[in-house]
Participant: 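There's a structure below that I have some questions on.
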Amino acid sequence: MISAFSRKKELKVRQEILKGIYEENLRIIGKKKGVLLRQRTFSPNRVLLILCIAAIVVLAGGNYLDAPLLAEKQTAGEIVMRPLPSSAELPNASDFKAFITNADVSVSRTFGLGVKTIMIDAGHGGVDSGTRGKMGTAEKDIALDIAKRLKARLDKYGRFHVVMTRSEDVTLPLNKRVELAREAKADLFVSIHLNYLPSKPINIIETYYFGPSADSKTQELAEQENAGSQYGLGEFKEVIEKLGQRLKLQESRELAYSIQKNLFVNIAKENGNAYNFGVKRAPFVVLLGAEVPAVLAEVSCLSNRQEEKQLNTEAHRENIAHDLEAGILDYINKGEAGYGADRYAEKR
Amino acid sequence: MAQTDTRKKDEVLFVGIDLGTSRSSISAGNGKREWIESFVGWPKDFIAMQVVGKPVLFGSEALQNRLSLDICRPLEHGVIKEGINRNDEAVKEIIRHLIELAGPASGQKIHAVVGVPADTLKVNKLAIRKAVTEFVHSLMVVTEPFAVAYGMNLLNNSMVIDIGAGTADFCIMHGSIPSEEDQKTVLTAGDYIDEQLFSYLSEKYPNSKFNKNMVRQFKEQYSFVRDTPEEIRVEIPVDGKPVMHDIKNEIKRACESILPALTETTAEMIARFDPEFQVKIKNNIVLAGGGSLIRGLRDHLQDALKEYGPCKVSCVEDPLFAGSDGALKLAQDMPSKYWEPL
Ligand SMILES: Nc1ncnc2c1ncn2[C@@H]1O[C@H](COP(=O)(O)OP(=O)(O)OP(=O)(O)O)[C@@H](O)[C@H]1O
Ligand SMILES: [Mg+2]
Ligand SMILES: [Zn+2]
């Protein structure tokens with residue numbers, strides 16, 4: 001008897017409490033206490049919203065899937081990479097083996113879609129002049145001029161859509177450049193810069209793609225070129241580990257080789273002091289966000305007096321634009337011709 | 001679970017949500033129970049987005065990527081990183097994420113009871129309501145210790161002390177929904193212990209490199225009051241090299257720093273009632289929240305209160321989910337006429 005009585009009492013207490021909560025919540029939203037509203041039907045909007053959320057949950061299993069990433073993963077297994085350039089030229093990869101051996105290939109090339117949109121990035125600009133030669137030549141101006149010439153040359157083919165991150169002397173943060181490349185759906189990204197090495201009276205040509213670097217000179221350069229982004233080099237280690245799988249490193253490296261080869265061969269003809277520093281990896285912010293082949297070319301060296309003089313002639317800048325053009329085209333043609341052959345080779 | 005009206009249950013998914021300063025959890029009628037740390041992080045920019053690969057991150061994952069993110073701990077009295085104020089948005093993201101974790105079936109209506117810290121002001125409750133509205137069909141907001149009490153069937157003659165991160169919330173139950181007088185909040189809780197421990201350790205080991213996060217982890221691993229036979233030594237880098245540090249005394253001092261406010265507030269709140277009721281409450285005190293895991297805390301409180309007569313203090317079994325489980329029970333018990341569409 002007692003237990004039945006106390007249970008009944010407890011039930012009553014419970015009911016009181018539940019009602020109390022209801023009323024308190026009405027007060028919170030400013031409705032009058034105790035006025036039960038008639039059941040309204042749900043607005044179609046809300047039902048739709050909930051359905052959408054539910055659908056997302058079902059589809060994604062609670063994860064945010066990266067659709068393009070998935071596509072790459074599926075294709076990666078079917079592709080055999082072309083042999084790499086001689087191993088002597090390869091960057092020292094001992095500490096980042098996994099990084100360099102990752103076998104991703106641009107989707108557009110894999111499916112023979114070819115390169116349509118090319119994004120040219122003239123380094124620096126606006127308040128950021130980049131480096132400056134002894135005569136006062138600014139990296140930002142030369143880079144922009146060469147970029148414009150390169151665009152004009154590529155436009156002539158009629159088969160490319162060529163876009164520039166900047167076509168004027170404006171300040172443009174690095175992350176903004178990456179975003180522009182994304183928005184333009186670029187298939188290639190080429191960033192143009194000029195080196196400065198005061199200790200050496202030579203003209204150094206080098207081309208970079210994104211990656212870790214243990215070399216302190218390269219680190220220094222990366223720090224210079226990354227100035228203005230909120231990212232410090234220290235942050236890159238983690239970034240690199242995570243992004244290694246997603247960037248088109250293999251492709252970027254090939255693009256870098258094509259460009260470096262053309263640049264150096266041609267410049268060496270004119271300037272006996274030109275040195276081939278080859279293709280290297282460096283954690284440049286501007287190369288980080290692009291999920292397409294992306295390189296940064298240090299096309300010349302402003303610390304070299306002879307080179308600075310030459311850079312002030314139109315002819316020299318046009319030549320450099322020509323070399324870049326040749327490098328890009330080599331890469332593209334190789335890709336298109338090479339793809340079919342690889343396919344057959346793979347079948348064995 | 002044997003449910004007679006399964007069909008009806010399927011149309012509606014009841015969920016209980018505990019929105020905490022440091023951790024938030026959800027318990028759902030479909031049996032799912034999930035929790036996340038109450039941190040929300042958005043990629044700072046496009047590059048950061050590339051790095052983390054998601055538009056929004058939660059909890060420990062957000063903390064691990066904090067360099068790339070704007071991080072917000074929305075239920076704290078501010079945000080971790082200055083320069084942004086996205087509290088409302090962050091609360092929304094947490095709710096959205098928790099509900100996703102609960103995995104409602106498509107088309108299922110969601111009826112939610114959300115427990116919030118007891119000192120959340122009315123305006124704030126309204127803000128939380130707004131944040132939740134988008135994701136549920138119907139909603140009730142209750143205070144956290146009350147949700148715990150309800151879930152444990154402590155409706156009468158009892159007291160719940162929820163020692164969380166930002167606050168310790170006290171709530172006395174006497175058969176009706178607690179009034180303002182029945183609830184009290186003090187700021188000496190988990191975060192306060194962390195601050196104390198941080199300053200004690202900084203003082204004792206000025207050359208060692210540790211941060212707030214590490215300090216919290218030390219606390220969670222070794223917390224105790226009164227005494228413990230074990231040695232407490234942790235690895236902290238000094239000049240880049242890991243070195244063992246004895247932190248036993250500092251842990252003890254930091255954990256004990258919350259005791260005075262805890263015992264005094266408890267005694268004070270009980271003292272307001274008549275002696276007969278006092279005895280009943282004192283035999284029915286329950287500790288909840290992450291702070292209830294501090295070793296020796298229960299014994300200490302029980303002994304301290306024994307001065308005024310017999311007393312029994314216990315701890316909830318599952319401090320992570322006691323709040324959301326209680327909120328879920330409330331949701332399931334709530335008569336359907338009270339569930340109004342929003
Ligand atoms: N073993 C432990 N010993 C001591 N403290 C702990 C332990 N485990 C967790 N904590 C602390 O408990 C706090 C988190 O508890 P809880 O999840 O109940 O808080 P919350 O609900 O997020 O906060 P609040 O209730 O203030 O909003 C943190 O300060 C955490 O460091
Ligand atoms: Mg809590
Ligand atoms: Zn530059």
Side-chain angles (χ1 to χ4, degrees), chain A residues 9-10 12-30 36-37 39-43 46-47 49-51 53-58 60-64 66 69 173-176 178-179 182 229-232 234-235 238-239 242-243 246-247 285 288-291, chain B residues 34 44-56 64-65 67-68 96-97 99-110 113 122-123 125-126 128-129 133-137 139-142 146 150 153 155-156 173-178 330 333-342:
Chain A
K9 194 179 153 205
E10 197 200 298
K12 186 136 183 283
V13 167
R14 200 173 284 264
Q15 276 167 2
E16 275 302 306
I17 285 177
L18 292 169
K19 187 157 175 254
I21 291 168
Y22 168 69
E23 285 167 355
E24 196 185 67
N25 270 271
L26 283 185
R27 270 196 301 278
I28 295 174
I29 50 177
L36 267 180
L37 297 168
Q39 291 285 120
R40 269 174 297 151
T41 48
F42 292 111
S43 78
R46 174 140 300 127
V47 173
L49 182 85
I50 301 281
L51 282 176
I53 294 170
I56 290 165
V57 172
V58 170
N63 285 326
Y64 297 88
D66 197 331
L69 189 63
L174 295 176
N175 49 0
K176 190 78 199 152
V178 177
E179 262 163 55
R182 284 284 284 209
S229 81
Q230 323 104 305
Y231 294 85
E235 286 175 57
E238 224 180 304
V239 170
K242 283 200 195 121
L243 270 186
R246 309 235 307 268
L247 295 170
V285 166
L288 168 58
E291 285 184 356
Chain B
E34 302 280 346
K44 277 182 197 162
D45 56 26
F46 184 77
I47 291 166
M49 169 79 196
Q50 289 287 93
V51 173
V52 299
K54 301 175 191 175
V56 52
Q64 275 161 23
N65 288 289
L67 291 175
S68 311
R96 184 218 302 269
H97 188 60
I99 290 179
E100 272 176 16
L101 289 175
S106 79
Q108 227 175 3
K109 288 176 196 165
I110 291 167
V113 169
K122 213 169 164 185
V123 224
K125 269 191 193 154
L126 197 58
I128 287 173
R129 271 193 82 91
T133 304
E134 256 178 55
F135 311 110
V136 303
H137 284 74
L139 165 75
M140 312 253 176
V141 179
V142 299
F146 171 73
Y150 190 90
N153 226 350
L155 302 179
N156 212 348
M173 299 289 296
H174 44 78
S176 57
I177 77 160
L330 256 168
D333 288 353
M334 193 67 71
S336 58
K337 64 179 173 186
Y338 291 155
W339 287 110
E340 288 176 10
L342 295 165

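In what follows, every chain begins at residue 1, and chains take the letters A, B, ... in the order their sequences are listed. From a predicted model like this one, the values you see are computed outputs, not experimental measurements.
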Participant: Can you tell me how far CG of Asn25(A) sits from CD of Glu340(B), rounded to the nearest 0.5 angstrom?
Facilitator: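 These two atoms lie 10.0 Å from each other.
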
Participant: Applying side chain to side chain contact (heavy atoms under 4.5 Å, CB included), can you list everything that pairs with Lys12(A), at least two apart in sequence or on another chain?
Facilitator: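 Checked Lys12(A) against side chain to side chain contact (heavy atoms under 4.5 Å, CB included); zero matches.
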
Participant: Looking at Leu18(A) and Pro335(B), what are the two nearest heavy atoms and their distance?
Facilitator: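 Leu18(A) and Pro335(B) have their closest heavy atoms at CD1-CD, 4.1 Å.
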
Participant: Supply the atom-to-atom distance Phe146(B) CZ to Ile17(A) CD1, rounded to the nearest 0.5 angstrom.
Facilitator: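 Reported to 0.5 Å precision, the distance equals 5.0 Å.
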
Participant: If the condition is side-chain hydrogen bond (donor to acceptor under 3.5 Å, both in side chains), which residues does Asn153(B) pass it with, not counting sequence neighbours?
Facilitator: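 Asn153(B): side-chain hydrogen bond (donor to acceptor under 3.5 Å, both in side chains) contacts with Arg14(A).
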
Participant: Counting only non-hydrogen atoms closer than 4.5 Å, does Lys176(A) touch chain B with its backbone (N, CA, C, O), its side chain (CB onward), both, or neither?
Facilitator: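 For Lys176(A), neither part sits under 4.5 Å from chain B.
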
